[in-house]
Amino acid sequence: MSSLSFKRLFTFVILFSFFINEAEAQHNDYPIQPVTFTQVHFKDNFWLPKMKINAEVTIPYTLNQCKITGRIDNFAKAAGKIPAEKSTTYTFDDTDLYKVIEGASYSLQTKKDIALEKYLDTLISNIGAAQEPDGYLYTFRTMKIAKPHEWIGSKRWEKEEDLSHELYNAGHLYEAAVAHYQATGKKNLLNIATKNADLLVKTFGWGKEERFPGHQIVETGLTRLYRVTGKKEYLTLAKFFLDLRGKEGHLNQEYSQSHKKVVNQHTAVGHAVRATYMYTGMADVAALTGDKQYLSAIDDIWNDVVDKKIYITGGIGATGNGEAFGADYDLPNMSAYAETCAAIANVYWNNRMFLLHGDAKYIDVLERTLYNGLLSGISLTGDKFFYPNPLASMGQHQRRTWYDCACCISNMTRFLPSVPGYAYAQNQNDLYINLFVGGDASIQLTSTKVEIHQETNYPWSGKDEFIINPAKKASFNIHIRIPGWAKNQPIQGDLYQDKSKSIDFTLLLNGKPAKYSIEKGYAVINRTWVKGDKLTLDLPMEIKKIEAKDSVKADYQRFALQRGPLVYCLEGIDNADSSVLNIVVDKNSTVTPVFQASLLNGVMALEMDGSSTKRQINSNVLIKTQQKVTAIPYYTWANRGSSEMQVWIPFEASASKPKPAPTIASKSKVTASIKSPMMLKALNDQYEVENSIDRSGNFFHWWPKKNSTEFVQYDFDQEYTVSSSEVYWFDDSPWGGCYLPSSWKIVYLKDGQWLPVKVINQDAVAKDKFNSIQFEPITTKALKLEVQLSKDNAAGIHEWKVK
Ligand SMILES: [Zn+2]
């Protein structure tokens, strides 16, 4: 062998091993691959209209909001194109624009829009102009304003583990860049993203800058960038960011899941969006590297969530305190936080878990979230939004056109047009049908390419027809998901129970009963398929009354109605007296589905007999009145103004919130030193609370006032002689801003003047009980409760009684 040929061989060996590594790097990924959104075209009556509204209303609306709120100008300021005096409110405001670009990119796939594509290019060139020469991109620092935001450190990354969100901005940039590249084939945003990611690779790592992201998402951003560029360093960096969490000497806190090493985390804690983005990132890294420890951690965390911490709507993150996962089984309904972003993150995470394990139980959670706690985040008109998604309301919750912290709005904008990407998946010769949505999909299997046409009126009907068109006669397996809801298993585990009789689904192949086996929640058909083969699935759509485990106190003696994938709620506007919190429905009542084409863009409403409850004076027995009760799909609530609402319907009168008895207080007109009609209702609603911090119902508060004298006032319907009163304080200290007041007194109206009552006895100010006062009888038409707020805090009231 000449030296030249030896050299050639050597080069060949090197090259060959390099290719093997590359091939391995590319090959090591989720065993199951999603069929991308570009290959799936919805043509149905449920999702397609929503995607159309997203394209025609939501995307232009959020883009315009980004403009008028100064988010787009932040980039021009950083580029030095316009003077920079101040920035917008939050250090993560750049991400709203990235997210809208991501959504717009998906949407361009569904419908070509040259003007939009052009506008995106203009925005992208503005983003590029704001990028510093070495790749750094974070408008809040680059714009150099006199008084920088307090969340920003004096140096780059200095406050990253806390609140600067520099890496969070980067993560959303990468996600948007990959979506834009996949949708348009253009690299203009991708180049900005890789330039930024290359700076991160140069800056961060063991022995270099050792900081983890205060808000996760850069991990999934980096894995997506790795997949399109093949650059291993991006994957290594994603793993570094995860492995650094929990290391001593860093900001160690549950809030950002940095209290322990990620592989030692086995329960879901802290800020729910941060957490769930992290679990998603761990799934990505586990798939791409084969790391078993990551896998074992997220498997445990998933079980923890479905066993103890998820709402029947798929919402997660029960508490507003730190926008976080609450304690086990602590799933309050009225104060449920269940942030829209957390629902979206829950879809991302469960989809990844499915791609890892091929089990339908993850898609069950995904579907539940998608049709309920996620979809509730946007109005039917596409321009009003929910940040928290409660499961009960006295009417205090209303959709808003914008939130200063706009995360949920831009997240919804980016998520909706990506839904087709969750419908199908494949693994060599295994084809998975996960979502039931009419339309066409094109799927490349090892044996052949397959076109599937799906025809269904889901979620209103459980009938579904699939025409299977392989390019050539070929053998492969079709896995059709049989949803948990069709098998008395709303969510895996025993958190929610469906004790109704289960009717079996039917599955036909070319009109005859199909031969299938059940594997991991799928009906699997293995055969040689030919063009035009027809599968007919019929999922039973009987109405379910779901009960929660007794450990969930908030749902005790209540059931939730479900039909197909949809969870239902009662809303005031459809029910007698505009009230629903006082409704009771017997467990054995017959519930009838009625399709109402003109209601809420066309929904299947549910009708049943029930009763309403009312308190009476001098007796604990409730007055019950028979009435018709109507339920609507949960996702459609709050589209007709503010109203009472509840998902969990009492089947025992004691679980209902009865209408108040006609007392002096309940008949009074209520006013206060602040204006808030909704909060004022709390004072005389006769709802019983467990303790001062109880947030399960409505309460009155003066936050953020402090150190001032405030009042609430009852104007009676006639003159009464009164001689005592009781007040129950709301106190959410030390985390909230309401503490017990310094002092309080009662004054009454006489001849146009407010006079103090002559006190006989008055309790000391105390929590968790009624504080009473007795005074010499007075005859009056109005009473005031005057409250001195403490020096540093506000105060609040659950109930104020008068006798
Ligand atoms: Zn959000």
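Each ligand, and each atom within it, is numbered from 1 in the order the structure gives.
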Exercise for review: Kindly state whether the ring of Y568 and the ring of Y634 have centres lying under 6.0 angstrom apart.
Suggested key: no
Review point. Is any side-chain N of the basic residue among E571 and R640 closer than 4.0 Å to the acidic one's carboxylate O?
Key: yes
Exercise for review: Have a look at Y362 and tell me which of L355, N434, N350, N351 forms a side-chain contact (heavy atoms from CB on, under 4.5 Å) with it.
Suggested key: N350
Check your understanding: Does the distance from a Lys or Arg side-chain N to an Asp or Glu carboxylate O, for E175 and R224, drop under 4.0 Å?
Key -> yes
Check your understanding: Who passes salt bridge (Lys or Arg N to Asp or Glu O under 4.0 Å) against K99, sequence neighbours left out?
Key -> none
Practice item. Give every protein N, O or S atom lying under 2.8 Å from the Zn ion (ligand 1), naming each by residue and atom. Key: E339 OE2, C341 SG, C407 SG, C408 SG
Review point. Can you check whether G382's main-chain N or O pairs, donor with acceptor, with S379's side chain at less than 3.5 Å?
Key: yes
